[in-house]
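Here the structure comes first, spelled out in structure tokens, and everything after it is commentary.
Chain A is the first sequence line, chain B the second, and so forth, proteins listed ahead of strands; every chain is numbered from 1. Values reported hereafter were calculated over all heavy atoms of this structure, with side chains retained and with hydrogens, waters and symmetry mates removed.
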Amino acid sequence: MKALKGFKDIIPGEVETWQFIEQTARSIFHRFTFSEIKVPVLEKTKLFTRSIGETTDIVEKEMYTFPDRNGSSLTMRPEGTAPVLRAYIENGLHAVKPVQKLYTIGPMFRHERPQKGRLRQFHQMSVEVLGEDNPLLDAEVMAMAWQIMKELGLTASLEINSLGCKECRPDFNRALLDFLDKANGLCDDCVRRRETNPLRVLDCKSSNCQEQYVQAPSILDFLCGGCDEHFKAVKNGLDMLSVPYKVNSFMVRGLDYYTRTTFELVTSDLGAQSAVGAGGRYDGLVKQLGGPDVPGIGFAMGVERLALLLDQLGKGVHSNGIDLFIAALGPEAQKKAFVLMNVLRGKGLSVSMDLMDRSLKNQMKQAGKAEASYVLIVGEQELANGEAVLRNMETHDQHQIAIKEAVKMWHEDLATFFATETTK
RNA sequence: GUGAGCGUAGCUCAGCUGGUGGUAGCACCGGGUUGUGGCCUCGGAGGUCGCGGGUUCAAGUCCCGUCGCUCACCCCA
């Protein structure tokens, strides 16, 4: 038996990097006063087709959709915004607080062909802010994403764009279609995209197409007064917070619900997958899903992609050391050590020992491998007068101490023990 | 959905024009050190060479098929 294609186990040695990423993000979410929300991974299909857009790739060919036993169509969530908004509406969170700042961390599912940085089950840390349309919020949200990258020790460039609103985007669409009608020699994909979603031709990677698109109308020239002002204020906000960014008027997102501000955290170190995080504003989506008419903005970061970047830079975390390893010699010592281990665990220490009656040398080896800060050696000799040898694995210092003392000691005390104790 | 590359030990890989599967590295176990780790040294264990078929006296090696993985296109976190 093997895991499904595109589904991966995160095993010890890898999971520590994930924990580092999640802990870092959670800490920052907390500082930016976001609350966690946990939502199901399975939803009615309609939730996604309505929000993401019927003609998007995600909905057309990437969703894990299947009939429930009663026949209704269910879908494994391909993204996190729709379920969170559903929960926001269903639980009446708009009435609890005028502005809700939410984050969630968990798996998403898309039936794509796996490649570097792209899996069928992947994990996102995503945030949503509902009920506020001030452009400073857009800047604040991007600053938070920036802060996460910073604290993870990663670099990426922030690209921003505005997609306008339902007032001005149609004008741009018309101008773009006019332009495309006149263009010639477009690649097959662009010819197809012109029909399905014209905005996306701008994102084409064919150099031939790109040469022509230099002349293409820019969405930014078509923004209505409100959208233009909003975009300027967003840039201003980023400047105020000293978050560097690049305006990329060709940037298009894969989900239909975005309005006004969109942004991506882009890196060149992930092979073909360049985005480690992306998001944007989606005013109107909550209403569209049957909720109150409140604006919203959010973004998601890909945990796999962050982990990949950390590993590539040698910044991955591969183990969490333990506080204490107890090396017991002989059956009597082992029994005493076994009880002692449990007591110390109850006091908050992470403690391990060997139960296979192996040599001290071997047990020391295990302690080293477990990255134990200290080793307590309990032998028959010491046991006779209730003592043991406590060894600091880093400094190689060791002292004879009474076992009763060890029981009383806390982790921090173990550290200071060597600083204060003089007997050897 | 399309294309390319690759499947040999737990992992990373040698294996030339077919001639008995590697004293390879890492990891694992044991000894050198009868009570002291990370280094060194000696030894040990571990394999249906992805699977199926074909060519041949002989296939890890060549051919066909199949499954799997990887990367890329597309798209995206």
Side-chain angles (χ1 to χ4, degrees), chain A residues 2-6 8 11 13 21 52 55-62 77-81 105-127 145 156 187-190 192-193 196-197 200 203-206 251-255 263-267 270-280 298-309 321 325 327-330 333 354 356 358-383 388-398:
Chain A
K2 294 189 64 179
L4 295 171
K5 182 200 284 286
K8 286 271 179 297
I11 59 176
I21 292 168
I52 297 170
T55 64
T56 58
D57 275 22
I58 292 178
V59 168
E60 277 184 346
K61 49 191 194 192
E62 295 174 0
R77 63 179 185 193
E79 59 107 34
T81 298
I105 299 176
M108 307 294 164
F109 306 84
R110 291 183 201 169
H111 194 110
E112 300 184 86
R113 199 70 174 265
Q115 67 187 66
K116 184 170 182 164
R118 191 171 77 187
L119 294 168
R120 289 184 173 178
Q121 177 178 335
F122 60 102
H123 297 76
Q124 290 187 334
M125 309 186 294
S126 62
V127 308
C187 70
D188 293 349
D189 283 326
C190 280
R192 178 179 55 79
R193 279 185 283 231
T196 56
N197 193 339
R200 277 198 233 157
D203 212 25
C204 182
K205 278 156 193 118
S206 150
M251 190 178 77
V252 174
R253 315 272 28 265
L255 299 88
F263 60 96
E264 279 184 11
L265 284 163
V266 186
T267 167
L270 283 175
Q273 319 310 320
S274 57
V276 283
F299 73 84
M301 297 179 93
V303 181
E304 281 82 358
R305 292 184 181 179
L306 292 170
L308 219 47
L309 286 173
F325 187 95
L329 301 164
D354 169 77
M356 294 194 283
R358 301 215 261 191
S359 67
L360 178 59
K361 175 197 173 106
N362 188 295
Q363 295 191 54
M364 291 303 292
K365 218 173 182 176
Q366 290 181 63
K369 218 166 291 164
E371 291 182 44
S373 303
Y374 297 91
V375 171
L376 188 72
I377 300 166
V378 184
E380 304 289 357
Q381 294 161 25
E382 293 90 345
L383 202 58
V389 172
L390 182 62
R391 179 180 175 84
N392 180 321
M393 292 295 273
E394 208 182 329
T395 65
H396 301 195
D397 286 343
Q398 60 183 45

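Residues A:Gln363 and A:Ile377 form no side-chain contact, since every pair of their non-hydrogen atoms from C-beta on lies 4.5 Å or further apart. You'll find the side chain of A:Glu79 reaches within 4.5 Å of the side chain of A:Ile52, heavy atoms only. Between A:Arg305 and A:Phe122, the closest side-chain pair of non-hydrogen atoms is not below 4.5 Å. Counting heavy atoms from C-beta on, the side chains of A:Gln366 and A:Asn362 come closer than 4.5 Å. Contact annotation: the side chain of A:Arg120 never approaches that of A:Leu4 to less than 4.5 Å [non-hydrogen atoms, C-beta and beyond]. Inter-residue side-chain proximity for A:Ile21 and A:Met125 is flagged as met; some heavy-atom pair is nearer than 4.5 Å. Looking at heavy atoms from C-beta onward, A:Met364 lies out of side-chain contact with A:Ser359 at the 4.5 angstrom threshold. A heavy-atom distance below 4.5 Å is found between the side chains of A:Pro107 and A:His123.
Between the P atom of B:U36 and the CG atom of A:Asp354 lies a distance of 16 Å, rounded to the nearest Å. One interatomic measurement links the two molecules: CZ of A:Arg77 to P of B:A77, which rounds to 14 Å at whole-angstrom precision. What separates CG of A:Leu376 from P of B:U36 is a distance of 16 Å, to the nearest Å. Taking atom CD on A:Glu304 and atom P on B:U70, their separation rounds to 13 Å, with Å as the unit. Atom-to-atom, CZ of A:Phe109 to P of B:A77 comes out at 16 Å; the value is rounded to the nearest Å. If you measure from atom CD of A:Gln366 to atom P of B:C28, you get 10 Å, rounded to the nearest angstrom. For the pair A:Asp57 CG and B:C75 P, the computed distance is 6 Å after rounding to whole Å. Following rounding to the nearest Å, A:Ile58 (CD1) and B:C76 (C1') show an atom-to-atom distance of 7 Å.
Going from the C1' atom of B:U55 to that of B:C69 covers 28 Å, rounded to whole Å. B:G44 and B:G54 are spaced 39 Å apart, taking the P atom of each and rounding to whole Å. Taking atom C1' on both B:A27 and B:A9, the two are 11 Å apart, rounded to the nearest angstrom. One P atom belongs to B:U70, the other to B:G37, and the distance between them is 41 Å to the nearest Å. The P atoms of B:C28 and B:G10 are separated by 15 Å, rounded to the nearest whole Å. Here the separation of B:C29 from B:A45, taken at their C1' atoms, is 7 Å to the nearest Å. When the P atom is compared between B:C51 and B:G68, the two are found 15 Å apart, to the nearest whole Å. Comparing B:A59 with B:U48, their C1' atoms are spaced 15 Å from each other, to the whole Å.
In this structure, A:Gly117 reaches the bases: a heavy-atom distance under 4.0 Å links it to at least one base atom across the strands shown. Here A:Ala275 lies in heavy-atom contact (under 4.0 Å) with sugar-phosphate atoms only. Looking at heavy-atom distances under 4.0 Å, A:Glu62 makes contact with sugar-phosphate atoms alone, never a base. Heavy atoms of A:Lys365 sit under 4.0 angstrom from primed sugar atoms or phosphate atoms, though from no base atom. Within 4.0 Å of A:Glu371, counting heavy atoms only, lies no atom of the nucleic acid at all. Contact annotation for A:Leu119: base contact, defined as any heavy-atom pair under 4.0 Å involving a base atom.
Enclosure of atom CD in A:Glu394 is not indicated, since only 12 or fewer non-hydrogen atoms of other residues, nucleotides or ligands lie within 6.0 angstrom.
A:Gln115 contributes a side-chain N or O that forms a donor-acceptor pair with the base of B:C74 under 3.5 Å. A donor N or O paired with an acceptor N or O is found under 3.5 Å between the base of B:G32 and the side-chain atoms of A:Lys361.
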Protein N or O to nucleotides 1-3 of chain B N or O, pairs below 3.5 Å:
unit_1 : atom_1 : unit_2   : atom_2 : d
B:U2   : O4     : A:Arg113 : NH1    : 2.4

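Atom NZ of A:Lys61 sits about 10.0 Å away from atom OG1 of A:Thr56, to the nearest 0.5 Å. The CG atom of A:Leu306 sits 5.0 Å away from the CE atom of A:Met301 when rounded to the nearest 0.5 Å.
The listed nucleotides are B:A72, B:C29, B:C74; the one nearest the side chain of A:Ala272 is B:A72. Checking B:G35, B:A77, B:C74 against the side-chain heavy atoms of A:Val389 singles out B:G35 as nearest. Looking at the side chain of A:Arg358, the nearest of the listed nucleotides B:C29, B:C69, B:G35 is B:C29. Nearest to the side-chain atoms of A:Lys116 among the listed nucleotides B:U70, B:C75, B:C71 stands B:C71.
Place A:Ser274 and A:Gly271 on RNA chain B by their nearest nucleotides, and A:Gly271 ends up nearer the 5' end. Of the two residues contacting RNA chain B, namely A:Lys8 and A:Ala278, the nearest-nucleotide position lying further toward the 5' end is that of A:Lys8.
Within the 4.0 Å cut-off from OP1 or OP2 of B:C28, at least one side-chain nitrogen or oxygen of A:Lys369 is found. Contact annotation: A:Asn362 reaches the phosphate of B:G30 (side-chain N/O to OP1 or OP2, under 4.0 Å). Taking only side-chain nitrogens and oxygens, A:Gln398 never comes nearer than 4.0 Å to OP1 or OP2 of B:U36.
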Represent RNA chain B in dot-bracket notation, 5' to 3'. Only Watson-Crick or G-U wobble pairs with both distances under 3.5 Å count; pseudoknot-style crossings use [ ] and interstrand partners use |.
(((((((..((((.....[..).))).(((((.......))))).....(((((..]....))))))))))))....
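Across A:Tyr374 and A:Leu390, no two heavy atoms sit closer than the pair CB-CD1, 4.0 Å.
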